[in-house]
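Lettering of chains follows the sequences in order, A, B, ..., and the numbering in each one begins at 1.
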Number of protein chains: 2
Amino acid sequence: MTTIRQLEYITAIEDHGTFQAAADACHVTQPGLSAQVRQLEDLLELQIFERGRKRVLVTPAGREILDRARRVLIAVEDLQQAARSSSKPFTGPLRLGVIPTVAPFVLPAVLPKVRRAYPALRLEVHEAHTPELVQALEQGTLDLLLLALEAPLGDAATLALFEDAFMLALPRDHRLAGRKRVRESDLAGEDVLLLEDGHCLRDQALSVCNRAGALEIGDFRASSLTTLVPMVASGAGLTLLPALATRTSAALDRDLALVPFSRPVPKRTIGLAWRKTSPRGDEFSELADLFSAAANTTRRRS
Amino acid sequence: MTTIRQLEYITAIEDHGTFQAAADACHVTQPGLSAQVRQLEDLLELQIFERGRKRVLVTPAGREILDRARRVLIAVEDLQQAARSSSKPFTGPLRLGVIPTVAPFVLPAVLPKVRRAYPALRLEVHEAHTPELVQALEQGTLDLLLLALEAPLGDAATLALFEDAFMLALPRDHRLAGRKRVRESDLAGEDVLLLEDGHCLRDQALSVCNRAGALEIGDFRASSLTTLVPMVASGAGLTLLPALATRTSAALDRDLALVPFSRPVPKRTIGLAWRKTSPRGDEFSELADLFSAAANTTRRRS
DNA sequence: TCGTAGTCATAACCAGAAGTTACCAGCACG
DNA sequence: CGTGCTGGTAACTTCTGGTTATGACTACGA
């Protein structure tokens with residue numbers, strides 16, 4: 001009969017590339033693991049792995065099996081989590097994924113609050129770009145995401161926390177620096193600096209620029225907002241900063257001017273996302289209160 | 001460690017109502033099953049069943065666990081099916097659900113074709129109303145549905161087979177009986193007979209009648225089209241029949257007249273539906289060809 | 001080119017878990 | 001108040017999943 005353990009073994013093999021490493025990861029010996037895999041293959045009457053020289057290959061049929069095995073394991077994981085949180089919610093591990101353009105501006109305020117409110121919760125933060133986060137969510141590697149809801153999120157359940165308006169960031173001596181407000185159309189013909197590929201913020205800012213007729217500077221793409229801001233301050237061009245990022249010390253450069261947009265204000269929506277099938281949806285909704293409260297204090301501070 | 005077998009046991013208990021019956025269904029003895037359930041409850045640290053006098057009750061927490069257990073089992077089932085069909089497709093059991101207003105007009109033509117084309121396929125037909133079918137599909141009790149796609153189908157994958165136009169069925173001596181075509185508005189003020197509650201066809205016909213201002217006869221609701229047709233023929237009122245049902249002998253009553261609608265023709269769409277996650281989506285799409293071919297011959301015959 | 005260090009498979013053995021039979025306790029019902 | 005259902009407990013058996021020890025094969029470096 002098919003067993004959960006067998007499925008854990010084969011996914012471990014795919015994850016680690018060799019039987020040996022998988023066996024270690026599963027805390028069993030290699031022959032034991034081999035036997036189980038063999039048994040599963042016999043049962044399904046198909047070969048999952050091609051035992052090759054120096055490396056294990058996944059057969060086409062095995063590919064399908066592995067994908068489904070992971071779904072089974074997620075469902076099992078969810079069941080166990082459901083059991084835990086039905087008796088004592090806000091307990092155990094919670095793997096949170098956050099995008100880089102949000103993490104540094106929200107987490108410092110939120111994490112302590114979470115620790116205080118739910119000491120039994122073991123929060124584990126992973127930072128990555130939206131597509132990786134979404135994939136990890138679907139694979140069950142992450143439980144909860146904190147990101148911009150405008151990006152494609154598959155069929156995750158989402159909950160908006162707050163809106164994060166974009167502001168125009170530009171050198172103090174720029175012609176627009178004195179303005180009380182700017183319109184998107186004011187950007188026409190300007191040189192803008194953007195983040196490197198992968199950041200959803202880049203895509204959002206880029207679409208604003210395209211609409212407005214601004215031109216991205218060709219030879220530079222910042223790897224983070226922290227590197228982007230000094231570039232703008234030093235006169236290399238202007239950029240769009242989410243309001244969330246404008247209250248942090250790095251943005252308080254004396255050579256940097258910040259001008260809000262007039263309506264309609266370009267913005268992004270920061271929120272939480274989780275698997276629709278997650279047993280902890282209720283907990284996440286409750287956590288959301290903490291998140292938006294903390295984010296508000298961050299934004300008001302300064 | 002949680003095991004698939006344990007999950008099978010607890011779902012069997014819910015399905016059969018007692019430990020004893022569940023044990024029989026699982027082909028194990030009751031103590032063996034009891035021990036496993038106990039073990040699972042210890043592991044999850046919650047009570048799934050309330051062992052009561054004469055009957056087993058499911059606790060609230062147990063409710064949640066059982067739902068998730070079923071999801072796991074569906075995922076496992078899908079995995080095994082994926083294995084089977086990746087090596088030899090169109091093999092093994094295929095549980096097909098069909099609505100009553102379609103089954104008698106499509107299955108007689110389709111089933112023999114299917115048997116001939118895929119002799120290794122063990123087709124098992126279940127007849128029920130749409131909501132039951134959809135629920136069974138989601139629970140993994142059925143694999144494939146044949147029904148009208150207008151009804152709410154959850155998030156199943158669907159594939160339209162053909163359109164099934166409604167026709168006006170009425171007594172030979174009715175004032176509209178001689179018409180070449182009728183408009184929906186011609187129904188205004190007429191007495192119509194409909195199927196009993198639960199049939200999606202009833203809902204569809206009813207909405208046409210409401211639009212047209214026709215009135216349902218209060219004291220009679222037919223349990224099937226076969227009982228409905230003679231009622232109309234005997235002058236009790238008129239009704240809407242799907243074209244699919246008008247070619248069968250029962251509808252060829254000499255006291256019954258059939259008049260097609262002019263455009264826009266009211267109609268339903270007959271199609272297949274299956275779980276999006278089903279490993280056999282490809283097989284189902286291929287089966288669809290057989291179904292629509294067979295349905296066409298049915299409709300052209302006569 | 002020949003060890004060496006990896007790979008996975010095989011074989012023999014062991015321990016524990018899952019299943020069995022046999023029995024007991026409680027409750028419903030005629 | 002027995003009879004016939006429940007499900008639980010206990011002792012025994014079976015088997016399966018695990019172990020260690022070993023072997024065959026490949027890649028790679030001395």
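- Atom-to-atom, CG of A:Asp42 to P of D:dG17 comes out at 13 Å; the value is rounded to the nearest Å.
- Put simply, A:Arg38 has a side-chain N or O that comes within less than 4.0 Å of OP1 or OP2 on C:dT10.
- Per the geometry, CD belonging to B:Glu50 stands 13 Å off P belonging to D:dG7, to the nearest Å.
- Listed by chain and residue number, A:Arg202 satisfy the side-chain hydrogen bond (donor to acceptor under 3.5 Å, both in side chains) test with A:Asp197 (two or more places apart in sequence, or in another chain).
- Pairs engaging residues 134-153 of chain B under the salt bridge (Lys or Arg N to Asp or Glu O under 4.0 Å) rule: B:Arg95-B:Asp143, B:Asp143-B:Arg275 [sequence neighbours left out].
- Under 4.0 Å is where a charged nitrogen must lie from a carboxylate oxygen, and between B:Arg84 and B:Glu77 at least one such pair does.
- Looking at residues two or more places apart in sequence or on another chain, you find no side-chain hydrogen bond (donor to acceptor under 3.5 Å, both in side chains) involving B:Ser278.
- Between B:Asp67 and B:Arg71 there is no salt bridge, since none of the side-chain N atoms of the basic residue sits less than 4.0 Å from a carboxylate O of the acidic one.
- Taking atom CD1 of A:Ile13 as the reference point, atom P of C:dT7 lies 13 Å away to the nearest angstrom.
- Judged as a side-chain hydrogen bond (donor to acceptor under 3.5 Å, both in side chains), and not counting sequence neighbours, the contacts of B:Ser34 are B:Gln30.
- At whole-Å resolution of the value, CD in B:Gln20 and C1' in C:dC27 are 16 Å apart.
- Rounded to an integer number of Å, the gap from A:Phe19 CZ to C:dT10 P is 11 Å.
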With the sugar-phosphate defined as primed atoms, P, OP1 and OP2, and the base as all remaining atoms, what B/S/- string results for nucleotides 16-23 of chain C, 5' to 3', for protein heavy atoms under 4.0 Å? --SSBBB-
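- Sequence neighbours left out, not one pair with a member in residues 115-130 of chain A passes salt bridge (Lys or Arg N to Asp or Glu O under 4.0 Å).
- Using a 4.0 Å cut-off, some side-chain N or O of A:Ser34 falls inside it from OP1 or OP2 of C:dA9.
- For the pair A:Phe49 CZ and C:dT7 C1', the interatomic distance rounds to 15 Å; values are reported in whole Å.
- Residue pairs meeting the ring-ring contact (aromatic ring centres under 6.0 Å, His included) criterion with at least one member in residues 21-48 of chain A, sequence neighbours excluded, do not occur.
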Can you pull every protein N or O that's under 3.5 Å from an N or O on nucleotides 11-14 of chain D?
none

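- Partners of B:Asp15 under the side-chain hydrogen bond (donor to acceptor under 3.5 Å, both in side chains) rule, at least two apart in sequence or in another chain, are B:Arg70.
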